[in-house]
Number of protein chains: 2
Amino acid sequence: MSKQTPLPVIAEECCAPLAREPISKDDAAELARILKAVADPVRLRLLSLIAARDEETCVCDLLPEFDLSQPTISHHLKTLREAGLIGSERRGTWVYSWVIPQALDRLSALFATSKEDTGVR
Amino acid sequence: MSKQTPLPVIAEECCAPLAREPISKDDAAELARILKAVADPVRLRLLSLIAARDEETCVCDLLPEFDLSQPTISHHLKTLREAGLIGSERRGTWVYSWVIPQALDRLSALFATSKEDTGVR
DNA sequence: GGGCTAATTAGATGCTCATCGATACAAGGA
DNA sequence: TCCTTGTATCGATGAGCATCTAATTAGCCC
(Lines give C-alpha, C1' and ligand atoms only; values in the text may rest on other atoms or scores of the structure.)
Protein backbone atom coordinates (compact mmCIF):
# COMPACT_ATOMS: atom_id res chain seq x y z
CA MET A 1 0.00 0.00 0.00
CA SER A 2 1.00 3.55 -0.55
CA LYS A 3 0.24 5.27 2.74
CA GLN A 4 1.17 2.73 5.31
CA THR A 5 3.19 4.88 7.63
CA PRO A 6 1.54 8.27 7.01
CA LEU A 7 -1.78 7.08 8.40
CA PRO A 8 -3.78 9.16 10.90
CA VAL A 9 -1.59 8.58 13.88
CA ILE A 10 -2.53 9.81 17.26
CA ALA A 11 -0.70 9.16 20.48
CA GLU A 12 1.23 12.36 20.16
CA GLU A 13 1.83 14.36 23.33
CA CYS A 14 -1.12 13.03 25.30
CA CYS A 15 -1.28 12.93 28.45
CA ALA A 16 -0.48 13.49 32.07
CA PRO A 17 -0.47 10.37 34.26
CA LEU A 18 -3.93 9.24 35.26
CA ALA A 19 -3.07 9.53 38.92
CA ARG A 20 -1.86 13.10 38.71
CA GLU A 21 -5.09 14.81 37.85
CA PRO A 22 -8.47 13.85 36.44
CA ILE A 23 -8.09 13.36 32.74
CA SER A 24 -10.18 15.45 30.36
CA LYS A 25 -13.01 14.04 28.31
CA ASP A 26 -11.12 14.58 25.08
CA ASP A 27 -7.92 13.06 26.36
CA ALA A 28 -9.87 10.10 27.65
CA ALA A 29 -11.42 9.56 24.25
CA GLU A 30 -8.08 9.74 22.48
CA LEU A 31 -6.37 7.49 24.98
CA ALA A 32 -9.18 4.97 24.86
CA ARG A 33 -8.68 4.71 21.13
CA ILE A 34 -5.01 3.93 21.57
CA LEU A 35 -5.66 1.52 24.41
CA LYS A 36 -8.31 -0.29 22.39
CA ALA A 37 -5.56 -1.06 19.95
CA VAL A 38 -3.56 -2.93 22.57
CA ALA A 39 -6.57 -4.43 24.33
CA ASP A 40 -6.62 -7.50 22.14
CA PRO A 41 -4.62 -10.69 22.63
CA VAL A 42 -3.58 -10.93 19.01
CA ARG A 43 -2.45 -7.34 18.75
CA LEU A 44 -0.61 -7.60 22.06
CA ARG A 45 1.33 -10.55 20.74
CA LEU A 46 1.99 -8.82 17.44
CA LEU A 47 3.24 -5.76 19.25
CA SER A 48 5.42 -7.82 21.53
CA LEU A 49 6.83 -9.88 18.67
CA ILE A 50 7.76 -6.72 16.83
CA ALA A 51 9.03 -4.88 19.88
CA ALA A 52 11.17 -7.73 21.12
CA ARG A 53 13.36 -7.57 18.02
CA ASP A 54 16.10 -5.11 17.56
CA GLU A 55 15.49 -4.79 13.85
CA GLU A 56 12.38 -4.36 11.79
CA THR A 57 10.13 -7.36 11.46
CA CYS A 58 8.87 -8.75 8.21
CA VAL A 59 5.12 -9.29 8.29
CA CYS A 60 5.73 -12.58 6.58
CA ASP A 61 7.56 -13.74 9.71
CA LEU A 62 4.60 -12.87 11.91
CA LEU A 63 1.99 -14.90 10.08
CA PRO A 64 3.19 -18.38 11.09
CA GLU A 65 2.93 -17.37 14.75
CA PHE A 66 -0.84 -17.24 14.53
CA ASP A 67 -3.67 -19.58 13.60
CA LEU A 68 -5.40 -16.77 11.81
CA SER A 69 -5.94 -15.83 8.23
CA GLN A 70 -3.51 -13.45 6.62
CA PRO A 71 -6.13 -10.71 6.11
CA THR A 72 -6.93 -10.85 9.80
CA ILE A 73 -3.29 -10.25 10.73
CA SER A 74 -3.12 -7.47 8.20
CA HIS A 75 -6.18 -5.88 9.76
CA HIS A 76 -4.65 -6.05 13.26
CA LEU A 77 -1.43 -4.49 12.04
CA LYS A 78 -3.40 -1.70 10.49
CA THR A 79 -5.09 -1.07 13.82
CA LEU A 80 -1.73 -0.85 15.56
CA ARG A 81 -0.49 1.47 12.85
CA GLU A 82 -3.49 3.77 13.08
CA ALA A 83 -2.95 3.98 16.81
CA GLY A 84 0.57 5.21 16.18
CA LEU A 85 2.12 2.26 17.98
CA ILE A 86 4.00 0.81 15.04
CA GLY A 87 5.31 2.01 11.73
CA SER A 88 5.62 -0.03 8.59
CA GLU A 89 7.01 0.25 5.15
CA ARG A 90 6.93 -1.82 2.01
CA ARG A 91 10.30 -2.73 0.58
CA GLY A 92 9.98 -4.72 -2.56
CA THR A 93 7.60 -7.59 -2.09
CA TRP A 94 7.58 -7.49 1.68
CA VAL A 95 6.31 -5.14 4.35
CA TYR A 96 8.39 -4.47 7.41
CA SER A 97 7.17 -3.20 10.77
CA TRP A 98 8.77 -1.61 13.80
CA VAL A 99 7.53 -0.23 17.07
CA ILE A 100 7.45 3.45 17.89
CA PRO A 101 9.08 3.53 21.33
CA GLN A 102 7.75 6.97 22.19
CA ALA A 103 4.21 5.69 21.86
CA LEU A 104 4.87 2.83 24.27
CA ASP A 105 6.67 5.12 26.67
CA ARG A 106 3.70 7.44 26.72
CA LEU A 107 1.46 4.58 27.75
CA SER A 108 3.99 3.60 30.36
CA ALA A 109 4.01 7.10 31.81
CA LEU A 110 0.23 7.22 31.75
CA PHE A 111 -0.07 4.42 34.29
CA ALA A 112 2.84 5.38 36.48
CA THR A 113 1.83 6.05 40.07
CA SER A 114 5.07 6.87 41.91
CA LYS A 115 5.56 10.52 42.78
CA GLU A 116 8.62 10.93 40.60
CA ASP A 117 7.05 9.37 37.55
CA THR A 118 3.83 11.31 37.80
CA GLY A 119 5.59 14.55 38.46
CA VAL A 120 3.64 15.14 41.65
CA ARG A 121 4.99 17.78 44.05
CA MET B 1 -23.02 -5.36 48.20
CA SER B 2 -21.21 -8.09 50.00
CA LYS B 3 -18.38 -9.15 47.67
CA GLN B 4 -17.28 -5.97 46.07
CA THR B 5 -13.59 -6.20 46.71
CA PRO B 6 -13.13 -10.00 46.74
CA LEU B 7 -14.16 -10.29 43.10
CA PRO B 8 -12.15 -12.39 40.62
CA VAL B 9 -9.20 -10.09 40.29
CA ILE B 10 -6.46 -10.75 37.86
CA ALA B 11 -3.53 -8.49 37.17
CA GLU B 12 -1.35 -10.37 39.61
CA GLU B 13 2.28 -10.92 38.68
CA CYS B 14 1.86 -10.70 34.91
CA CYS B 15 4.12 -9.88 32.88
CA ALA B 16 7.48 -9.03 31.46
CA PRO B 17 7.63 -5.87 29.37
CA LEU B 18 6.32 -6.35 25.84
CA ALA B 19 9.61 -5.22 24.39
CA ARG B 20 11.72 -7.68 26.35
CA GLU B 21 10.50 -10.90 24.84
CA PRO B 22 7.49 -12.11 22.89
CA ILE B 23 4.61 -12.46 25.26
CA SER B 24 2.93 -15.84 25.63
CA LYS B 25 -0.55 -16.57 24.37
CA ASP B 26 -1.89 -16.95 27.88
CA ASP B 27 -0.28 -13.78 29.15
CA ALA B 28 -1.60 -11.91 26.14
CA ALA B 29 -5.11 -13.10 26.88
CA GLU B 30 -4.91 -12.09 30.52
CA LEU B 31 -3.38 -8.72 29.74
CA ALA B 32 -5.91 -8.03 27.03
CA ARG B 33 -8.64 -8.53 29.59
CA ILE B 34 -7.09 -5.97 31.90
CA LEU B 35 -6.41 -3.54 29.07
CA LYS B 36 -9.97 -3.84 27.82
CA ALA B 37 -11.00 -2.49 31.19
CA VAL B 38 -9.06 0.71 30.64
CA ALA B 39 -9.75 0.95 26.92
CA ASP B 40 -12.92 2.92 27.40
CA PRO B 41 -13.25 6.69 27.79
CA VAL B 42 -15.66 6.48 30.70
CA ARG B 43 -13.61 3.96 32.63
CA LEU B 44 -10.43 5.93 31.97
CA ARG B 45 -12.03 9.00 33.46
CA LEU B 46 -13.38 7.04 36.39
CA LEU B 47 -9.99 5.55 37.04
CA SER B 48 -8.31 8.93 36.79
CA LEU B 49 -10.86 10.61 39.03
CA ILE B 50 -10.32 7.95 41.67
CA ALA B 51 -6.56 7.82 41.26
CA ALA B 52 -6.07 11.56 41.40
CA ARG B 53 -7.35 11.71 44.95
CA ASP B 54 -5.33 10.86 47.95
CA GLU B 55 -8.26 9.34 49.78
CA GLU B 56 -10.97 6.98 48.78
CA THR B 57 -13.64 8.30 46.49
CA CYS B 58 -17.35 8.04 47.14
CA VAL B 59 -19.21 6.65 44.15
CA CYS B 60 -21.82 9.30 44.79
CA ASP B 61 -19.20 11.94 43.93
CA LEU B 62 -18.42 10.27 40.62
CA LEU B 63 -21.92 10.18 39.22
CA PRO B 64 -22.35 13.93 38.63
CA GLU B 65 -19.18 13.92 36.52
CA PHE B 66 -20.92 11.92 33.80
CA ASP B 67 -23.97 12.27 31.62
CA LEU B 68 -24.72 8.63 32.09
CA SER B 69 -27.22 6.64 34.08
CA GLN B 70 -26.30 5.35 37.51
CA PRO B 71 -26.47 1.69 36.42
CA THR B 72 -24.01 2.43 33.64
CA ILE B 73 -21.46 3.94 36.02
CA SER B 74 -22.00 1.06 38.40
CA HIS B 75 -21.32 -1.36 35.57
CA HIS B 76 -18.10 0.41 34.60
CA LEU B 77 -16.87 0.39 38.18
CA LYS B 78 -17.55 -3.32 38.34
CA THR B 79 -15.46 -3.81 35.22
CA LEU B 80 -12.56 -1.91 36.77
CA ARG B 81 -12.95 -3.93 39.96
CA GLU B 82 -12.96 -7.26 38.13
CA ALA B 83 -9.79 -6.21 36.35
CA GLY B 84 -8.13 -5.69 39.69
CA LEU B 85 -7.56 -2.01 39.04
CA ILE B 86 -9.65 -0.63 41.85
CA GLY B 87 -11.02 -1.82 45.14
CA SER B 88 -14.25 -0.73 46.75
CA GLU B 89 -16.13 -1.13 49.95
CA ARG B 90 -19.52 -0.21 51.27
CA ARG B 91 -19.56 1.85 54.42
CA GLY B 92 -23.04 2.57 55.56
CA THR B 93 -25.09 3.95 52.75
CA TRP B 94 -22.21 4.78 50.47
CA VAL B 95 -19.64 2.82 48.51
CA TYR B 96 -16.07 4.04 48.38
CA SER B 97 -13.45 3.19 45.77
CA TRP B 98 -9.69 3.41 45.58
CA VAL B 99 -7.08 2.48 43.02
CA ILE B 100 -4.71 -0.43 43.42
CA PRO B 101 -1.35 1.18 42.60
CA GLN B 102 0.39 -2.12 41.96
CA ALA B 103 -2.01 -2.87 39.15
CA LEU B 104 -1.30 0.45 37.47
CA ASP B 105 2.42 0.03 37.98
CA ARG B 106 2.29 -3.34 36.29
CA LEU B 107 0.71 -1.77 33.25
CA SER B 108 3.31 0.96 33.35
CA ALA B 109 6.11 -1.60 33.39
CA LEU B 110 4.49 -3.53 30.59
CA PHE B 111 4.91 -0.70 28.11
CA ALA B 112 8.31 0.49 29.26
CA THR B 113 10.92 0.36 26.51
CA SER B 114 14.11 1.73 28.05
CA LYS B 115 16.78 -0.83 28.84
CA GLU B 116 16.66 -0.27 32.59
CA ASP B 117 12.91 -0.54 32.82
CA THR B 118 12.62 -3.63 30.71
CA GLY B 119 15.45 -5.34 32.48
CA VAL B 120 17.38 -5.86 29.25
CA ARG B 121 21.13 -6.54 29.61
C1' DG C 1 3.77 -8.90 -20.79
C1' DG C 2 2.52 -13.00 -17.92
C1' DG C 3 2.68 -15.24 -13.85
C1' DC C 4 3.88 -15.60 -9.02
C1' DT C 5 3.87 -14.21 -4.12
C1' DA C 6 2.88 -10.79 -0.47
C1' DA C 7 -0.31 -7.74 1.29
C1' DT C 8 -4.55 -4.83 1.38
C1' DT C 9 -9.39 -4.00 0.65
C1' DA C 10 -14.34 -5.29 0.45
C1' DG C 11 -18.32 -7.40 2.16
C1' DA C 12 -20.63 -10.58 5.31
C1' DT C 13 -21.44 -12.69 9.81
C1' DG C 14 -21.64 -13.57 14.57
C1' DC C 15 -20.22 -12.10 19.12
C1' DT C 16 -19.09 -8.68 22.61
C1' DC C 17 -20.23 -4.76 24.99
C1' DA C 18 -22.00 0.12 26.31
C1' DT C 19 -26.12 1.84 27.46
C1' DC C 20 -30.75 2.22 29.10
C1' DG C 21 -35.19 1.65 32.08
C1' DA C 22 -37.06 -1.18 35.51
C1' DT C 23 -36.37 -3.57 39.44
C1' DA C 24 -34.15 -5.35 43.60
C1' DC C 25 -31.19 -4.82 47.52
C1' DA C 26 -28.77 -2.27 51.47
C1' DA C 27 -28.76 0.79 55.19
C1' DG C 28 -30.07 4.70 57.85
C1' DG C 29 -33.73 7.63 59.91
C1' DA C 30 -38.55 8.90 61.25
C1' DT D 1 -42.00 -0.78 60.54
C1' DC D 2 -42.05 2.06 56.66
C1' DC D 3 -39.96 5.53 53.81
C1' DT D 4 -35.93 7.45 51.50
C1' DT D 5 -31.60 7.48 49.34
C1' DG D 6 -27.57 5.11 47.31
C1' DT D 7 -26.02 1.21 44.76
C1' DA D 8 -26.35 -3.25 42.25
C1' DT D 9 -28.63 -6.51 39.12
C1' DC D 10 -31.65 -7.81 35.17
C1' DG D 11 -33.12 -7.88 30.49
C1' DA D 12 -33.20 -5.68 26.14
C1' DT D 13 -31.20 -3.16 22.32
C1' DG D 14 -28.10 -1.22 19.14
C1' DA D 15 -23.31 -0.30 17.85
C1' DG D 16 -18.73 -1.95 17.27
C1' DC D 17 -15.46 -5.31 16.16
C1' DA D 18 -12.81 -9.86 15.17
C1' DT D 19 -12.91 -13.01 11.82
C1' DC D 20 -13.62 -15.18 7.46
C1' DT D 21 -13.69 -15.73 2.09
C1' DA D 22 -13.24 -13.49 -2.17
C1' DA D 23 -11.35 -10.11 -4.90
C1' DT D 24 -7.90 -6.46 -5.75
C1' DT D 25 -3.39 -4.19 -5.70
C1' DA D 26 1.85 -4.09 -5.41
C1' DG D 27 6.15 -5.56 -6.89
C1' DC D 28 9.42 -9.20 -8.39
C1' DC D 29 11.28 -12.36 -12.01
C1' DC D 30 11.26 -15.12 -16.33
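Throughout, a chain's letter reflects where its sequence line sits, starting with A, and its residues are numbered from 1. These figures come from a predicted structure and were not determined experimentally.
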Could you pull out the protein-nucleic contacts involving nucleotides 20-23 of chain C (nitrogen or oxygen on both sides, under 3.5 Å)?
residue	atom	partner	partner atom	Å
C:dC20	OP2	B:Ser69	N	2.9
C:dC20	OP2	B:Ser69	OG	2.9
C:dC20	OP2	B:Thr72	OG1	2.7

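Distance from the side chain of B:Arg43 is smallest for C:dA18 among the nucleotides D:dG6, D:dT19, C:dA18. The side chain of B:Arg90 lies closest to D:dG6, out of D:dG6, D:dC28, C:dA7. Checked against D:dA18, C:dG28, C:dT19, the side chain of B:His75 finds its nearest nucleotide in C:dT19.
Residues satisfying the salt bridge (Lys or Arg N to Asp or Glu O under 4.0 Å) test with B:Glu65, not counting sequence neighbours, are none. A:His75 meets the side chain to side chain donor-acceptor pair (under 3.5 Å) test with no other residue; sequence neighbours excluded. Every side-chain contact (heavy atoms from CB on, under 4.5 Å) that B:Thr72 has, sequence neighbours left out, goes to B:Leu68, B:Ser69, B:His76. Here B:Val59 pairs with B:Leu77, B:Val95, B:Ser97 under the side-chain contact (heavy atoms from CB on, under 4.5 Å) rule; sequence neighbours left out. Looking at residues two or more places apart in sequence or on another chain, you find a side-chain contact (heavy atoms from CB on, under 4.5 Å) between A:Cys58 and A:Cys60, A:Asp61, A:Trp94, A:Tyr96.
At the heavy-atom level, B:Arg91 lies nowhere under 4.0 Å from the strands shown. Among the protein residues, B:His76 comes within range of the sugar-phosphate backbone only, with heavy atoms under 4.0 Å from sugar or phosphate atoms but none that close to a base.
Sorted by first and then second residue, the disulfide (SG to SG under 2.5 Å) pairs involving residues 65-96 of chain A (not counting sequence neighbours) form an empty list. Residue pairs satisfying the disulfide (SG to SG under 2.5 Å) criterion with at least one member in residues 65-110 of chain A, sequence neighbours excluded, are absent.
Between A:Ser74 and C:dT8, a side-chain N or O to OP1/OP2 separation shorter than 4.0 Å is present.
Of the two residues contacting DNA chain C, namely A:Cys60 and B:Lys36, the nearest-nucleotide position lying further toward the 5' end is that of A:Cys60.
Remark: C1' of C:dC17 and CZ of B:Arg33 are 14 Å apart, rounded to the nearest angstrom. The interatomic distance linking A:Leu77 (CG) with C:dA6 (P) rounds to 16 Å, in whole Å.
Taking a pair as Watson-Crick or G-U wobble with both distances under 3.5 Å, the runs of three or more consecutive pairs in DNA chain C are C:1-30 with D:1-30.
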